[in-house]
Amino acid sequence: MKKLRQPIVLGELIGGVLLGPTLLGTIWPETYATLFPVDKTITTSVDALLKVGMLFFMFAAGLEINFDRFRHGKLIIAATSLVGGALPFALGFGMVLLFPELWGHSDRPLLMALFMGTALSISALPVIARILMDLNLIGTRIGMTIMTSAMINDLVGWTLFAFILRNLGVEHPAGNVFSTLALVLAYAALVLGLGRWIVLPFLHRIGFFKDWQGGLLTFLSVLVMFAAVGAEKIGIHAIFGAFLVGMAFGQYDDPKQEKRINSMIQPFALHFFAPLYFVSIGLKTNFFSHFDGTLAILVFLIASVGKILGAGLGARIGGMRGREALAVGVGLNARGAIEIILASVALEHQLIDQRIFVALVMMAFATSIISAGWLKYLVR
């Protein structure tokens with residue numbers, strides 16, 4: 001993909017499909033079984049490696065978020081995240097209630113509609129971050145708008161999903177969605193506040209472990225793990241905790257230390273963990289099983305139209321030019337791994353069936369691949 005002047009993440013996603021059950025597992029099942037044996041110990045170890053790697057990748061992505069740009073583009077970000085989240089949510093919610101026969105029998109139609117609205121409103125921070133990094137856009141106005149709007153949409157989306165799970169009796173007794181949202185926002189403020197006003201001054205005072213070569217990496221690793229555990233405890237995904245720590249460190253105005261942190265984290269986060277993670281998406285899914293063409297096309301069209309139109313319109317309202325606004329909508333349309341994680345949890349708790357799961361996964365793949373190529377064309 002790099003030779004074709006395309007984002008590297010496309011090659012990683014397609015590579016996973018080629019090596020996964022969709023192609024290799026269908027044509028040469030013995031070879032596939034040899035390469036990827038069904039062993040609980042191996043599966044657990046690989047999953048742990050991928051999860052830890054994604055935490056560091058999201059920390060590296062968070063380092064690129066600069067609040068100074070956020071202050072200068074508050075209207076754009078607010079409008080983009082609001083309209084870009086509300087429109088696909090409304091379309092997803094409505095299509096379940098308008099076409100109940102497509103979704104099979106469900107004794108919880110309202111929760112199903114709420115889940116589909118949530119699933120179509122979120123984006124994929126890891127995939128978006130990788131695409132923007134590959135295209136050198138993450139520090140630009142377009143990149144900042146996409147990343148910050150995606151973060152806001154995803155925080156709200158995971159809050160709604162936590163609310164759905166609580167009402168399914170999966171985690172805690174049913175609670176109020178507004179109290180859950182307040183808890184998430186309070187956690188974000190806590191992590192950012194502690195990082196900016198306590199951790200960074202402490203590191204500055206001790207010289208950022210200048211006398212201990214591995215001290216800073218060890219310290220950062222512990223912070224990322226604690227923030228990830230905290231995020232899981234309040235009902236959102238662990239990657240947001242790592243992302244928040246990265247955001248806090250991204251506000252430190254010292255180019256020397258910023259370069260030092262980047263040089264430690266980015267090499268193994270971007271060039272070792274990230275490829276493993278994005279390849280693993282294709283390794284987990286067989287697109288030939290439980291495929292419903294009508295459902296897959298409907299989910300893809302509603303998701304894409306809702307997100308591109310909604311986010312693009314929001315960016316246009318915020319003051320961006322037409323081509324820039326369209327680029328923001330296209331960038332936010334990438335769903336990727338986050339969509340698959342959301343769908344997997346819903347399938348595990350029997351909120352959706354295999355047909356809906358496959359449709360959501362296919363939508364996640366298609367939107368990620370299309371967004372990367374289209375975004376490159378729009379910003380060239």
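Positions are given from 1 along the sequence.
With rounding to the nearest 0.5 Å, the separation of CG in Asp134 from CG in Leu375 is 11.0 Å. Between the CG atom of Leu110 and the CG atom of Leu97 there is a distance of 7.0 Å, given to the nearest 0.5 Å. Atom-to-atom distance recorded for Leu19:CG and Thr31:OG1 is 11.5 Å, nearest 0.5 angstrom. Taking CD1 of Ile356 as the reference point, atom CG of Leu351 lies at 8.0 Å (rounded to 0.5 Å). For the atom pair NE2 (His271) and CZ (Phe57), the distance works out to 10.5 Å, reported to the nearest 0.5 Å. With rounding to the nearest 0.5 Å, the separation of CZ in Arg355 from CG in Leu360 is 11.0 Å.
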For residues 182-194, tabulate all N or O donor-acceptor pairs below 3.5 Å that involve a side-chain atom, not counting sequence neighbours.
from, atom 1, to, atom 2, distance (Å)
Tyr187, OH, Ala227, O, 2.5
Tyr187, OH, Ala231, N, 3.3

Side chains of residues 217-224: which donor-acceptor partners sit under 3.5 Å, not counting sequence neighbours?
from, atom 1, to, atom 2, distance (Å)
Thr218, OG1, Gly214, O, 2.9
Ser221, OG, Leu217, O, 2.7

Please tabulate, for the side chains in residues 113-123, all donor-acceptor contacts under 3.5 angstrom to protein atoms that are two or more places apart in sequence or on a different chain.
from, atom 1, to, atom 2, distance (Å)
Thr118, OG1, Leu114, O, 2.8
Ser121, OG, Gly117, O, 3.3
Ser121, OG, Thr118, O, 2.9
Ser123, OG, Leu332, O, 2.7

Output side-chain donor-acceptor pairs under 3.5 Å for residues 316-323, partner residues at least two apart or in another chain, one line each.
from, atom 1, to, atom 2, distance (Å)
Arg316, NH1, Met320, O, 2.9
Arg323, NE, Leu378, O, 2.8
Arg323, NH2, Tyr377, O, 3.2

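Placement of Phe226 and Phe209 in two distinct hydrophobic clusters is found when ILVMFWY residues are connected by side-chain heavy-atom separations under 4.5 Å, directly or transitively. Residues Met225 and Ile198 do not share a hydrophobic cluster, clusters being chains of Ile/Leu/Val/Met/Phe/Trp/Tyr side chains in contact below 4.5 Å. Hydrophobic clustering of Ile, Leu, Val, Met, Phe, Trp and Tyr side chains at less than 4.5 Å, counting indirect connections, keeps Leu91 apart from Leu313. Val229 and Phe240 sit in two unconnected hydrophobic clusters of ILVMFWY residues. Membership requires side-chain heavy atoms under 4.5 Å apart, directly or through other members. Side-chain heavy atoms closer than 4.5 Å link hydrophobic residues (I, L, V, M, F, W, Y) into clusters, and following such links, even through other members, never connects Val38 to Leu50.
By the 4.5 Å side-chain criterion applied to Ile, Leu, Val, Met, Phe, Trp and Tyr, Phe288 is assigned to no cluster and stands alone. In the hydrophobic clustering, where aliphatic and aromatic side chains (Ile, Leu, Val, Met, Phe, Trp, Tyr) are joined below 4.5 Å either directly or transitively, Trp197 stands alone. Side-chain heavy-atom separations under 4.5 angstrom define the hydrophobic clusters, and Leu82 shares its cluster with no other residue.
Residues satisfying the ring-ring contact (aromatic ring centres under 6.0 Å, His included) test with Phe273, not counting sequence neighbours, are Phe268. Remark: Arg196 pairs with no residue by the salt bridge (charged side-chain N to carboxylate O under 4.0 Å, His left out) rule, at least two apart or across chains.
Identified under the ring pair (Phe, Tyr, Trp, His ring centres under 6.0 Å) test for residues 9-49, with sequence neighbours left out: Tyr32-Phe36. Judged as a side-chain hydrogen bond (donor to acceptor under 3.5 Å, both in side chains), not a single pair has a partner in residues 42-58 (not counting sequence neighbours). Screening residues 28-40 for salt bridge (charged side-chain N to carboxylate O under 4.0 Å, His left out) gives no qualifying pairs among residues at least two apart or on separate chains.
No side-chain donor-acceptor contact under 3.5 Å links Ser304 to the backbone of Leu301. Thr140 places a side-chain N or O within 3.5 Å of a backbone atom of Gly143 that can act as its donor or acceptor partner. Formation of a donor-acceptor pair under 3.5 Å by the Ser371 side chain with backbone atoms of Ser368 is not found in this model. No donor-acceptor pair closer than 3.5 Å links the side chain of Thr148 to the backbone N or O of Thr145. Looking at Arg335, its side chain does come within 3.5 Å of a backbone N or O of Ala303 through a donor-acceptor pair. Distance alone, capped at 3.5 Å, places no donor-acceptor pair between the Glu12 side chain and the Val279 backbone.
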From CA spacing to verdict: side-chain contact (heavy atoms from CB on, under 4.5 Å), Phe99, Glu101: CA-CA 6 Å; Phe99 307 105; Glu101 66 280 356; 3.9 Å; yes
Let me see the working for Phe89 and Val156 under side-chain contact (heavy atoms from CB on, under 4.5 Å), right down to the final yes or no. CA-CA 11 Å; Phe89 178 87; Val156 174; over 6 Å; no
Run the side-chain contact (heavy atoms from CB on, under 4.5 Å) check on Leu203 and Ile206 step by step: do they pass? CA-CA 5 Å; Leu203 287 174; Ile206 65 173; 4.3 Å; yes
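Across all their heavy atoms, Ile265 and Ala60 have their closest contact at CG2-CB, 3.9 Å.
Residue Val328 forms a side chain to side chain contact (heavy atoms under 4.5 Å, CB included) with just one option from Ile308, Ile76, Ile77, Ile146, and that option is Ile146.
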